[in-house]
Number of protein chains: 2
Amino acid sequence: MKRDSRLSSVLHALLHMAEQDGPVTSDTLAECLGTNPVVVRRTMGYLREAGIVASDRGHAGGWRISADLADVTLRQLHEALGEPAMFAIGNRNENPACLVEQVVNAALEDTFAEAEALLLERFSDITLADLAADFARRHAAARRRRKH
Amino acid sequence: MKRDSRLSSVLHALLHMAEQDGPVTSDTLAECLGTNPVVVRRTMGYLREAGIVASDRGHAGGWRISADLADVTLRQLHEALGEPAMFAIGNRNENPACLVEQVVNAALEDTFAEAEALLLERFSDITLADLAADFARRHAAARRRRKH
DNA sequence: TTCAAATGCAACATCGTAAGTTACATGAAA
DNA sequence: TTTCATGTAACTTACGATGTTGCATTTGAA
Ligand code: FES
Ligand code: FES
């Protein structure tokens, strides 16, 4: 089953942008992500609508983060992307007349709802600043390793 | 994203079989599930390999449950189906050289691993007997409602 | 013995959706 | 005015569950 990797993509792009001074172009980001600039624009467009990033056209244009890194959570990004389905497993029939299927659906829905609540809670706890800090930590560790 | 509904399907089929005395044919199950008999055979075949059901060919053949309802958990069924991916969201690149992407992947993987552990724990707690009991409860309630 | 009913299985076709691609319009700075 | 950038529509591709067709095989009953 093909997985939706847009959250992963925008996180990579945002951290990349956080490391840069000026705006970053779709072409640059596309090369980072190993994809196409149009895909970057399409995906980042969701974040622009949510006010998380801004884009400038023309010379010296590109994408900028227009929010405080500490204020943007993974949950907000997930919502900005349209809250795509979290699970690759689901019910066969969403509104069954059959009582047996209702029992099955209820059991699965309860379980997945609990897992989704957990995911959203964790997503709410993680900000871009957290990830940037983790990056800085790993970056320093990698530099230390290279010195020896 | 198209969802994998095989777990839902086999649960429906198994409960249907639990209500019946003799074996149930793929045709009957297919009509219950609103699908094709070949799809039923293909999907139930996984459960046969796991020893959860047995199939008989020829006249008076069909599918039987070959285990105690109280012994079969949703987790076993999920494993019998080949442990399909639970999540529709994933990393863009699974083994990135880029340190930024490693940070992103680690954050997402940790979160999803926690959610998957929760799901598997819940799956381990639910048996076919539990679902059958839930069905009996709802069935009785529905009959009571009809009487008034 | 013969026939009908059932599974087993291979070889396709279908479908939905994220991702990728092409093409062109638009805007901004040099 | 030229160049660099985004904005967007339209199309193709990739992929895996699902759906379908066809036929071989097994089994019980007439
Ligand atoms: S940060 Fe740009 S390639 Fe990973
Ligand atoms: S139990 Fe067979 S139709 Fe739902």
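Throughout, protein chains are lettered first and strands after them, A, B, ... in sequence-line order, and every chain is numbered starting at 1.
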TODO: Calculate, to the nearest 0.5 Å, the distance between atoms CE and CG belonging to M86(B) and L119(B) respectively.
DONE: 5.0 Å
Open item on the list: Using a 6.0 Å distance limit plus a 45 degree cone around the ring axis, check whether R3(A) lies over the aromatic ring of F87(B).
Closed with: no
Task: R48(B) and S55(B): side chain donor to acceptor below 3.5 Å - done: yes
Open item on the list: How many whole angstroms separate atom OH of Y46(A) from atom C1' of dG7(D)?
Closed with: 14 Å
- [ ] Figure out the CG/P separation between N36(A) and dG20(C), and round it to whole Å.
- [x] 8 Å
Task: Of the listed nucleotides dG20(C), dT7(C), dA17(D), the one nearest the side chain of V39(A) - done: dG20(C)
TODO: Examine the side chains of N93(A) and E101(A) and answer whether a donor and an acceptor come within less than 3.5 Å of each other.
DONE: no
TODO: Please state how far atom CZ in R92(B) lies from atom P in dA19(C), giving the value in whole angstrom units.
DONE: 7 Å
Open item on the list: Whole angstroms only, please: what is the CZ-P distance between R42(A) and dC11(D)?
Closed with: 14 Å
TODO: Would you kindly give the CZ-to-P distance between R41(B) and dC9(C), to the nearest whole Å?
DONE: 11 Å
Open item on the list: What's the closest nucleotide to the side chain of R57(B) if the choices are dT7(C), dA4(C), dT21(D)?
Closed with: dT7(C)
TODO: Can you sort out which residues in residues 13-32 of chain A have a heavy atom within less than 4.0 Å of DNA chain D? Ascending by number, please.
DONE: T25(A), S26(A)
TODO: Return the nearest nucleotide to the side chain of S55(A); candidates are dA18(C), dT6(D), dT18(D).
DONE: dT6(D)
Task: Euclidean distance, atom CH2 of residue W63(A) to atom P of dG7(D) [Å, nearest integer] - done: 5 Å
Just list the side-chain donor-acceptor pairs under 3.5 Å for residues 27-40 of chain B, sequence neighbours left out, or say none.
residue : atom : partner : partner atom : Å
T28(B)  : OG1  : T25(B)  : OG1          : 2.9
T35(B)  : OG1  : R92(A)  : NH2          : 3.4
N36(B)  : OD1  : V38(B)  : N            : 2.9

Open item on the list: Regarding G62(A), tell me which of base, sugar-phosphate or nothing describes its non-hydrogen contacts under 4.0 Å with the strands shown.
Closed with: sugar-phosphate
- [ ] Return the value, rounded to whole Å, for the distance between atom CG of D4(A) and atom P of dC15(D).
- [x] 16 Å
